Amino acid sequence: MEPKGSRGGSRSHNFLRVCVALVTLVALNGADAARVERGTDARIRLNTVGFLPGHEKRASVAVRFTDFSLVDDASGEVVFRGKTTGPVHNSDTDEDLYIADFSSLNRPGVYRLEVAGVGRSAPFRISRDVYDEPFRAAVRAMYLWRCGEAVSVTKGGITYSHAACHTEDAWLDFIDGGGHSRRDATGGWHDAGDYNKYVVNAGVTVGTMLLAWEQFGTQIQRAHLDAHGAQDGLPAYLGEVKWETDWLLKMQAADGSVYHKVSTKDFGPAGQPEDEKTTRYFTPWSSAATADFAAVTAMTARAFASFDRLYARRCLDAARAAYDFLRAHTESHRADLKGFTTGAYQTGDADDRLWAAAELWETTGEAVYLKDFESRAVAFAEKFDLDWGWGNVKNLGMLTYLFSKRAGRDAVILRQVREGLIATADRIVDLRDAHGYARPLGTKYYWGCNGGVANTTVLLRSANLVAPKREYVETTLDAISHLFGRNYYGRSFLTGVGEKPPQHPHFRPTLRQPGKATWPGYLVGGGWPRATDWRDEDENYRVNEVAINWNAPLIYALAGFIGGE
């Protein structure tokens, strides 16, 4: 990962409406203008993918009005009428928003929300399978991120592909004793908009995807994903995860430590990955990378045990070796990255070691790992963090401990973890309730905050497993809705999905290539430092880059709703 305007309300007077329309047409780009001419008004903001029957359905409208209706997009028939509530003042976007609630409409179909004198929303579906294809798109994007082999997907008559790339990964010049020699580090996923590969970010990504498998494996199996070369008998989803874990296994040194990343010295040029010929190197180890590796390979051992026992054993042996190295090297050791300007992913390792202990205990049942986890867990006053990601994976370790069926857990710590999860989920619901777009991170924005929005769903759905509450599920759906169009921009943040999705992500296969089709299934980072700062510009990596650790929690969020709920 690289170093990484709302229009106000109109009045009923015809002259003012005309003025607003003219100003809007001038301000919007050509594509937006075409939408307005067709009667689609960007001030009506909702989930442009759609909604599940039996669940809440709301839109936020940045114009003062009272009456609204839902119309069948094909026939024009009015199927629902309602009145808005509000206004809700949204401080982060400085808007007064009116809320249209049509939750009782459950009939499958394609609809638009219509406001008299304003216009219509983008079309959206109500269907039990409304999230199946977005899920497939997000997982397919992981396949297209593959490094080291040719990939190809054809959708809608367009083929997205690249040839085998980075087949010389990687050189050991920066490793003591390595000299100018090559060690195999081919494979894995490109990390983000760039083509480098980072263990810490791979860790949280695979960990989140495997958690989705543990909680929603049955639903994921129903998604009918393309196998993309997965071995016979291995679910396609795990086949995609294995592409990354195969690479991770290559990152472990003989002493059990794990190299921090494979990278060019500086970010490489735009263009297809097979055209990037810049020399790529291993960097020295870090304790965070080693701990994340131990956690992920222990999880992989569990996930693969019933499909490939030899691979599961290989992963568990690697996890043990990494953990043994960490026990012998107790300091939080950052990688020596002198000479590199690419993504650092440097972080303290207390949370990473906690996660590693949890996963090894859950996989093996051995008391040494449980004792280590619990001694570390008591050091965290807050058992869960509402906002989390690659720099803080504590939540993943706590969830594994909480959901374990193994005996021997400390009753006091277990209660604290359970209560901490519920309290954190309740805070997320409160933030959702207070925000005009039902954004579960409230007014907090940062690099990749759309990934942070998706990460809240991990806590919400997990809390719902512990203490079922409708608000947890509905807030999860609101997080998805925010990413798919119920936001300041009234558009989807996932390429190729929903209304007016990003066309110019910071993504090297299409960067600086005007007219080249945007690859589908990638979640862009989102606006910061302000909610209103997002721009659909490929050079603007601070808001429009893509990254594996943002796709992973979206995959998690969608997985639980495959085929409806």
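Just so we're clear, the structure is a prediction, and the values are computed from it rather than from any experiment. Basis for what follows: all heavy atoms, side chains included, without hydrogens, waters or symmetry-related copies.
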If you take the centroid of each ring, where Trp contributes its six-membered ring, are Phe493 and Trp534 closer together than 6.0 Å? yes
State, with a plain yes or no, whether a side-chain heavy atom of Asn395 is found less than 4.5 Å away from one of Trp355. no
Check: Met209 main-chain N/O paired with Tyr237 side-chain donor or acceptor under 3.5 Å: yes
Using side-chain heavy atoms (C-beta onward) and a distance below 4.5 Å, is Thr245 in contact with Thr297? no
Is there a side-chain contact between Leu431 and Leu386 in this structure, where contact means two heavy atoms from C-beta onward sitting under 4.5 Å apart? yes
Heavy atoms, side chains only, cut-off 4.5 Å: are Val473 and Leu460 in contact? no
Please tabulate, for side-chain N and O atoms in residues 149-160, each donor-acceptor pair with protein atoms closer than 3.5 Å (sequence neighbours left out).
residue: Glu149; atom: OE2; partner: Arg146; partner atom: NH1; Å: 2.7
residue: Thr154; atom: OG1; partner: Thr159; partner atom: OG1; Å: 2.8

Rounded to the nearest 0.5 Å, the NE2 atom of His55 sits from the CD1 atom of Ile126 at a distance of 12.0 Å
Taking NZ, NE, NH1 and NH2 as the nitrogens, is one of them in Asp385 or Lys394 under 4.0 Å from a carboxylate oxygen of the other? yes
Please report whether the ring centroid of Phe267 lies less than 6.0 Å from that of Tyr195. no
d(Phe384 CZ, Leu396 CG) to nearest 0.5 Å is 9.5 Å
At their closest point, which heavy atom of Ile44 faces which heavy atom of Arg120, and how far apart are they? CD1-C, 3.8 Å
What I want to find out is whether Asp387 reaches Lys444 closely enough, with some N-O distance under 4.0 Å, to be called a salt bridge. yes
Are side-chain N/O atoms of His228 and Glu240 paired as donor and acceptor at under 3.5 Å? no
Side chains of His506 and Val543 in contact at under 4.5 Å (non-hydrogen atoms): no
Side chain to side chain contact (heavy atoms under 4.5 Å, CB included) for Thr208 and Thr205? Distances and angles first, verdict last. CA-CA 5 Å; Thr208 303; Thr205 300; over 6 Å; no
Ignoring hydrogens and geometry beyond distance, is a side-chain donor-acceptor pair present between Ser121 and Arg45 at under 3.5 Å? no
Which heavy atom of His190 sits nearest to which heavy atom of Pro273, and what is that distance? CE1-CB, 3.7 Å
Does a side-chain heavy-atom distance below 4.5 Å link Asp226 with Tyr143? no
Show, in sequence, the C-alpha distance, side-chain angles and deciding distance for Asp191 and Asn196, and conclude whether the side-chain hydrogen bond (donor to acceptor under 3.5 Å, both in side chains) test is met. CA-CA 6 Å; Asp191 179 73; Asn196 300 309; over 6 Å; no
Return yes if a side-chain donor-acceptor contact under 3.5 Å exists between Asp92 and His435, otherwise no. yes
Measuring only between side-chain heavy atoms, which start at C-beta, is Leu211 closer than 4.5 Å to Leu399? yes
For the residue pair Glu537 / Asn544, report whether a side-chain donor-acceptor contact shorter than 3.5 Å exists. no
Write down the atom of Leu52, the atom of Ser127, and the distance for their closest heavy-atom approach. CD2-O, 3.5 Å
For Tyr522 and Trp145: C-alpha separation, side-chain torsions, deciding distance, then whether ring pair (Phe, Tyr, Trp, His ring centres under 6.0 Å) applies. CA-CA 10 Å; Tyr522 294 92; Trp145 249 316; 4.6 Å; yes
Flag for Ser104-Lys57: side-chain donor and acceptor within less than 3.5 Å: no
The residue among Thr342, Asp194, Thr278 that forms side-chain hydrogen bond (donor to acceptor under 3.5 Å, both in side chains) with Ser263 is Thr342
May I ask you to say whether Lys197 pairs ionically with Asp169, meaning some side-chain N is under 4.0 Å from a carboxylate O? yes
Can you name the one residue among Glu274, Glu276, Lys277 that meets side-chain hydrogen bond (donor to acceptor under 3.5 Å, both in side chains) with His166? Glu276
Check whether any side-chain heavy atom of Trp213 lies under 4.5 Å from a side-chain heavy atom of Gln221, and answer yes or no. yes
Classify the side-chain pair Gln215/Ser462 by whether it contains a donor and acceptor separated by less than 3.5 Å. yes
Any chance you could measure Leu558, atom CG, to Phe216, atom CZ, to the nearest 0.5 Å? 10.5 Å
What do you reckon, are the aromatic ring centroids of Tyr437 and Tyr488 less than 6.0 Å apart? no
Note: Asp478-Arg486 ion pair, threshold 4.0 Å (strictly below): yes
Taking Arg58 first and then Glu56, would you say they form a salt bridge - that is, a charged N and a carboxylate O separated by under 4.0 Å? yes
Over all atoms of both residues, closest heavy-atom pair of Ile562 and Asp132: CA-OD1, 3.4 Å
Check Ala230 against Leu234 and note the closest heavy-atom contact, atom names and distance. CB-O, 4.1 Å
Nearest 0.5 Å please: distance from the CG atom of Asn487 over to the CZ atom of Arg439. 9.5 Å
Correct closest heavy-atom pair for Ala344 and His260 would be O-NE2, 2.7 Å
How long is the span from the CG atom in Leu477 to the OG1 atom in Thr475, to the nearest 0.5 Å? 8.5 Å
Give a yes or no on whether a salt bridge exists between Arg43 and Glu95, defined as a side-chain N under 4.0 angstrom from a carboxylate O. no
Between Arg125 and Asp129, does at least one N-O distance fall below 4.0 Å, as a salt bridge requires? yes
Cation-pi check, Arg535 to Tyr489: give yes when NZ or CZ is under 6.0 Å from the six-membered ring centre and within 45° of the ring axis, no otherwise. no
Do Thr186 and Lys250 meet the criterion of a side-chain donor-acceptor pair at a distance under 3.5 Å? yes
From CH2 (Trp247) to SG (Cys147), nearest 0.5 Å: 9.5 Å
Return yes if a side-chain donor-acceptor contact under 3.5 Å exists between Tyr445 and Asp533, otherwise no. no
Carboxylate-amine/guanidinium proximity below 4.0 Å for Arg302 and Glu359: yes
Output field: ring centroids Phe51/Phe102 closer than 6.0 Å: yes
Sort out for me which residue in Tyr345, Phe293, Trp390 forms a ring pair (Phe, Tyr, Trp, His ring centres under 6.0 Å) with Tyr198. Tyr345
